Amino acid sequence: MTNGTAPLRIAFVLFPAFAALDVFGPLGALNMASFEHPMTLALISTDLEPISIDRKIIDGFYRVDVIIVPGGHGTFDMELTQPHVDYLHAQMENPDLSYIMTVCTGASLLARTGAMAGRNATTNKAAFEWVQSVENATDINWIAKARWVVDGNLWTSSGVSAGTDMTLGWLEHLFGKNESERVRIYLEWNKLEQDDDPFAELLGLV
Ligand SMILES: *[C@@H]1O[C@H](CO)[C@@H](O)[C@H](O)[C@H]1NC(C)=O
Ligand SMILES: *[C@@H]1O[C@H](CO)[C@@H](O)[C@H](O)[C@H]1NC(C)=O
Ligand SMILES: *[C@@H]1O[C@H](CO)[C@@H](O)[C@H](O)[C@H]1NC(C)=O
């Protein structure tokens with residue numbers, strides 16, 4: 001038990017085929033809380049192998065078709081994230097890559113590769129100006145008022161929860177509205193639509 005001052009140590013135990021939102025919805029809420037209340041948050045497992053969250057384990061896990069780049073405070077650390085930027089840069093040569101998606105300030109990592117030049121994109125409204133300040137971000141058409149933006153195979157969402165709305169929009173694009181609605185209803189998720197972005201105004205961008 002916590003003595004009231006020591007951080008509460010919270011760990012999620014990951015196993016193959018875990019339901020992503022079961023972890024990341026609660027983790028997102030705790031992550032926000034952890035800025036004010038001492039706690040450590042960890043994802044733990046039995047080894048360092050990739051953990052598939054698909055229903056079946058896929059052979060050749062590293063040959064990816066879709067890359068989703070999350071955001072968060074880690075994206076502000078240029079040195080820490082340079083290997084991830086390098087990885088993304090290398091993946092631009094991957095012929096299998098069908099879609100690349102960013103959530104929140106994850107757009108800054110992809111922007112730094114130079115691969116978003118000339119494309120339309122959005123990002124977290126609270127960090128909008130900061131994302132525009134990273135290397136190679138000036139050639140991008142940043143759209144302030146959008147829950148998410150689609151430019152060909154590049155899908156970028158606004159902050160945090162917008163990533164789930166974008167993902168539902170992408171499922172609709174891939175599988176149709178009935179299927180995205182089936183998922184949304186199963187998640188009991190209240191979705192904002194692509195152009196429905198109250199946060200751009202709340203954060204003074206429009
Ligand atoms: C910026 O983009 C160019 C062109 O793709 C690339 O060569 C360069 O490495 C990028 N800068 C960084 C910091 O990745
Ligand atoms: C990019 O955004 C502009 C508006 O800023 C729009 O006119 C254009 O059609 C968009 N391009 C794509 C590929 O969606
Ligand atoms: C989508 O759902 C509606 C209402 O349940 C149904 O009438 C329609 O046939 C479905 N469309 C497809 C493509 O499954």
Side-chain angles (χ1 to χ4, degrees), residues 17 19-21 53-56 64-72 75 84-85 87-206:
L21 197 62
I53 55 171
D54 205 325
R55 291 233 167 189
K56 53 187 186 301
V64 294
D65 302 304
V66 180
I67 292 176
I68 302 176
V69 188
T75 59
H84 306 82
V85 172
Y87 169 79
L88 291 171
H89 206 168
Q91 283 293 320
M92 293 305 125
E93 309 298 320
N94 172 1
D96 291 343
L97 192 66
S98 304
Y99 292 93
I100 185 145
M101 306 166 87
T102 69
V103 178
C104 193
T105 56
S108 71
L109 303 186
L110 190 62
R112 284 162 58 194
T113 67
M116 286 169 73
R119 311 289 289 273
N120 289 351
T122 197
T123 185
N124 187 311
K125 303 307 149 58
F128 204 67
E129 284 175 14
W130 177 81
V131 172
Q132 287 176 288
S133 77
V134 304
E135 187 166 3
N136 280 339
T138 48
D139 295 338
I140 299 159
N141 180 29
W142 292 106
I143 296 174
K145 188 171 166 58
R147 189 68 173 154
W148 73 90
V149 166
V150 181
D151 184 337
N153 67 350
L154 173 67
W155 290 56
T156 54
S157 90
S158 187
V160 196
S161 65
T164 304
D165 289 343
M166 174 177 72
T167 302
L168 288 166
W170 184 69
L171 291 173
E172 179 180 340
H173 159 77
L174 287 186
F175 306 119
K177 183 84 177 172
N178 281 13
E179 187 58 12
S180 63
E181 277 295 281
R182 188 186 66 76
V183 173
R184 186 185 72 79
I185 290 164
Y186 190 76
L187 294 178
E188 303 195 14
W189 186 264
N190 269 324
K191 177 167 175 273
L192 291 176
E193 294 302 331
Q194 193 170 358
D195 296 329
D196 189 0
D197 176 20
F199 302 103
E201 191 175 350
L202 284 171
L203 290 160
L205 293 175
V206 292

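Counting convention: from 1, in listed order, for ligands and their atoms alike. These numbers come from a predicted model, not from an experiment. Count residues from 1 along the sequence.
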Open item on the list: If the threshold is 4.0 Å, N to carboxylate O, is there a salt bridge linking R112 and E135?
Closed with: no
- [ ] Considering the heavy atoms of D151, write down every atom of ligand 2 situated less than 4.0 Å from one of them.
- [x] 13 (C)
TODO: Please say whether N141 places an N or O atom under 3.5 Å from an N or O atom belonging to ligand 2.
DONE: yes
- [ ] Establish whether atom 5 (O) of ligand 3 and some protein heavy atom are separated by less than 4.0 angstrom.
- [x] no
- [ ] Please check atom 14 (O) of ligand 2 for a protein heavy-atom neighbour under 4.0 Å.
- [x] yes
Task: T164 and R184 side chains, donor-acceptor separation under 3.5 Å - done: no
- [ ] Report yes if the side chains of F128 and T122 come closer than 4.5 Å at any heavy-atom pair, otherwise no.
- [x] yes
Open item on the list: For E179, is the CD atom crowded, meaning more than 12 foreign heavy atoms sit under 6.0 Å from it?
Closed with: yes
TODO: Take the angle between the ring planes of H173 and W155 and call it parallel below 30°, perpendicular above 60°, tilted in between.
DONE: tilted
- [ ] Tell me which protein heavy atom sits closest to atom 3 (C) of ligand 2, plus the residue, atom name and distance to 0.1 Å.
- [x] N120 ND2, 3.6 Å
TODO: Give the residue and atom name of whichever protein heavy atom lies nearest to atom 8 (C) of ligand 3, and the separation in Å to one decimal.
DONE: N178 ND2, 3.7 Å
